[in-house]
Amino acid sequence: MTDATTDTSTHAVDMPAFVDHSHLTVVDLPMTSAFYQQVMGLTVLDSAASGETLGVAGRPLLTLSTGSNAARAPRNAPGLFHTAFLVPDRKELGRWLAHAAHNNVQLTGASDHLVSEAIYLDDPEGNGIEIYRDRDRSEWTYVPDGTVKMATNRLDLQALYDEAPKDGWTGQENGTVIGHIHLQVSDIPEANAFFNGVLGLDIMTTYPGASFFATGKYHHHVAANVWNSRGQPKRQNGMTGLADYTIRFNDKAKLDAAVAKLDELSLATTRSGDTVSLVDPWGIGLKLSA
């Protein structure tokens, strides 16, 4: 990423830990991959019969895989609420919106969250997507307990569209990353215990039925809600949707502390080099990586 697209002290991926990658199980690989290429502007970086990895400017962001046992997950199953793609600035968000409007892409919502401006849609298999840009941190409001003020206000899409360059869109700009991942879980106290108590992420804000976790005082790297999934059983093998995701640690001590906590609680993990793999309390795969 270039200096023009990141501020080394405040960008989502420059924090002590951040979400690096999302991996979805899909039924129709060609159709879903085409959507992420044509609508979301990702590029295929690696391809095999059973899956593809897509990204931006050579940076892997999303893996899609399929198999003979792929079975559609119920809407209320724990798993993905949305994968959130963070674009470098408001101009790039507007450019994507113009592309979506010109291609009749169906949106599911748009919100001003005070810290960010976000547009929502679903992929062809119902996996949620957010595309957003962050406001400068000088515009964020932190409260005395260290949390950050967020809201869900209406985003003026017409103004964003009107301001956007209409000079053609050829894909996501270098610097586009996964800014956060938002999960459906069965229980919020359990989510707080896992993401805050075990993995060491700070609780940055809460909504009714949701908690937002981050490192480095970012607004959130991971969110968890029970709006559709309260009390639901764990995901089953082969379910479509979120197979796993990766949290990468810029701070090795933070990774070591999380792994020590997992060991202390006797949570099953497998290790390969600097990557520790586990299944979270809701049946979602998670990789912790240095």
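No experiment lies behind these values; they were computed from the predicted model shown.
- A salt bridge (Lys or Arg N to Asp or Glu O under 4.0 Å) with R248 holds for exactly one of D14, D274, D20; it is D20.
- For K234 and D280, the salt-bridge test fails: no basic side-chain N is under 4.0 Å from an acidic carboxylate O.
- The aromatic rings of H82 and H182 sit perpendicular, their planes meeting at an angle over 60°, well past the 30° parallel limit.
- Using a 4.5 Å cut-off on side-chain heavy atoms (C-beta onward), Y142 and K217 make contact.
- Using a 4.5 Å heavy-atom cutoff, the side chains of Y132 and V87 are not in contact.
- The CG atom of L255 sits 9.0 Å away from atom OG1 of T275, with the distance rounded to the nearest 0.5 Å.
- Heavy-atom neighbours of D122 CG from other residues, nucleotides or ligands within 6.0 Å: above the threshold of 12.
- Under a 4.0 Å N-O distance rule, the pair R90/E163 qualifies as a salt bridge.
- Annotation: side chain of V259 is not in contact with side chain of T269 (no heavy-atom distance under 4.5 Å).
- Judged purely by distance below 3.5 Å, without hydrogens or angles, the side chains of H219 and S116 never pair a donor atom with an acceptor atom.
- Smallest separation of non-hydrogen atoms from A12 and G179: CB-O, 4.1 Å.
- Minimum interatomic distance between T246 and S289 (heavy atoms only, all atoms of both residues): CG2-CB, 4.1 Å.
- No side-chain donor-acceptor contact under 3.5 Å links K91 to the backbone of A164.
- Judged purely by atom type and a 3.5 angstrom limit, H221 uses its side chain to pair as donor or acceptor with the backbone of T215.
- Residues V148 and W140 meet the side-chain proximity criterion, which asks for heavy atoms closer than 4.5 Å.
- Checking side-chain atoms of S211 against main-chain N and O of T206 turns up no donor-acceptor pair under 3.5 Å.
- The CG atom of D89 sits 12.0 Å away from the CG atom of D136 when rounded to the nearest 0.5 Å.
- A donor-acceptor contact shorter than 3.5 Å is absent between the side chain of S22 and the backbone of L62.
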Could you go through the side-chain contact (heavy atoms from CB on, under 4.5 Å) check for K149 and V143 one step at a time? CA-CA 7 Å; K149 276 193 178 176; V143 292; 4.0 Å; yes
Show, in sequence, the C-alpha distance, side-chain angles and deciding distance for L157 and L97, and conclude whether the side-chain contact (heavy atoms from CB on, under 4.5 Å) test is met. CA-CA 8 Å; L157 286 177; L97 175 62; 3.9 Å; yes
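- Connection of L288 to L183 is established within a shared hydrophobic cluster, with ILVMFWY side chains joined at heavy-atom distances below 4.5 Å, either directly or through further cluster members.
- Contact check for M204 versus F213: no side-chain heavy atoms found under the 4.5 Å cut-off.
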I'd like to know whether I131 forms a side-chain contact (heavy atoms from CB on, under 4.5 Å) with L86, so could you lay out the CA-CA distance, the side-chain angles of the two residues, the decisive distance to 0.1 Å, and finally the verdict. CA-CA 6 Å; I131 180 167; L86 171 61; over 6 Å; no
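- Side-chain contact between D167 and R95 is present, with heavy atoms from C-beta onward closer than 4.5 Å.
- Counting only N and O atoms by type, the side chains of N196 and N192 include no donor and acceptor under 3.5 Å apart.
- D28 and T32 make their closest contact through O-OG1, 2.8 Å (heavy atoms, listed as atom of the first residue, atom of the second, distance).
- Of the inter-residue distances, the one linking Y245 atom OH with I181 atom CD1 reads 6.5 Å to the nearest 0.5 angstrom.
- Under the side chain to side chain donor-acceptor pair (under 3.5 Å) rule, T63 has a single partner from D244, T25, T53, D46, which is T53.
- One finds no salt bridge joining R133 and E92 here, because no Lys/Arg side-chain nitrogen approaches an Asp/Glu carboxylate oxygen to under 4.0 Å.
- Between the side chain of N250 and the backbone N or O of V13 there is at least one donor-acceptor pair closer than 3.5 Å.
- Nearest approach of P78 to P233, heavy atoms of both residues: CD-O, 3.2 Å.
- For F81 and W227, the ring centers sit closer than 6.0 Å to each other.
- The cationic group of K166 lies under 6.0 Å from the six-membered ring centre of Y161 and within 45° of the ring axis, placing it in a cation-pi geometry.
- Looking at heavy atoms from C-beta onward, V222 lies in side-chain contact with L201 at the 4.5 angstrom threshold.
- Residues V26 and M239 are members of separate hydrophobic clusters, defined by side-chain heavy-atom contacts under 4.5 angstrom among Ile, Leu, Val, Met, Phe, Trp and Tyr.
- Closest of all the heavy-atom pairs between H113 and A151 is ND1-O, 2.7 Å.
- F212 and H220 have perpendicular rings, their planes meeting at more than 60° on a 0 to 90° scale where under 30° would count as parallel.
- Between L61 and V56, some side-chain heavy-atom pair lies under the 4.5 Å cut-off.
- Residues S186 and E190 have side chains that never bring a donor and an acceptor to within less than 3.5 angstrom of each other.
- The hydrophobic clustering, which links ILVMFWY residues whose side-chain heavy atoms are closer than 4.5 Å, places V279 and V185 apart.
- Put simply, CG on L278 and OG1 on T270 are 8.0 Å apart, with the number rounded to the nearest 0.5 Å.
- In Q106, the CD atom is not crowded: 12 or fewer heavy atoms of neighbouring residues, nucleotides or ligands sit closer than 6.0 Å.
- There is no path of hydrophobic side-chain contacts, each under 4.5 Å, that joins M15 to I178.
- Of all non-hydrogen atoms in T66 and V27, the two that sit nearest each other are OG1-O, 3.5 Å.
- When ring centroids are compared, F18 and Y218 stay outside the 6.0 Å threshold.
- Residues M31 and L29 fall into different hydrophobic clusters, defined by Ile, Leu, Val, Met, Phe, Trp and Tyr side chains chained together at heavy-atom separations under 4.5 Å.
- Here the side chain of W282 pairs no donor or acceptor atom with the backbone of A191 at under 3.5 angstrom.
- Here the straight-line distance linking atom OG of S111 with atom CD1 of I119 works out to 10.0 Å at 0.5 Å rounding.
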With side-chain contact (heavy atoms from CB on, under 4.5 Å) as the test, would you mind laying out the steps for V39 and L121 before giving the verdict? CA-CA 10 Å; V39 174; L121 65 160; 4.1 Å; yes
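- How far OG of S33 is from CG of D123: 11.0 Å, rounded to the nearest 0.5 Å.
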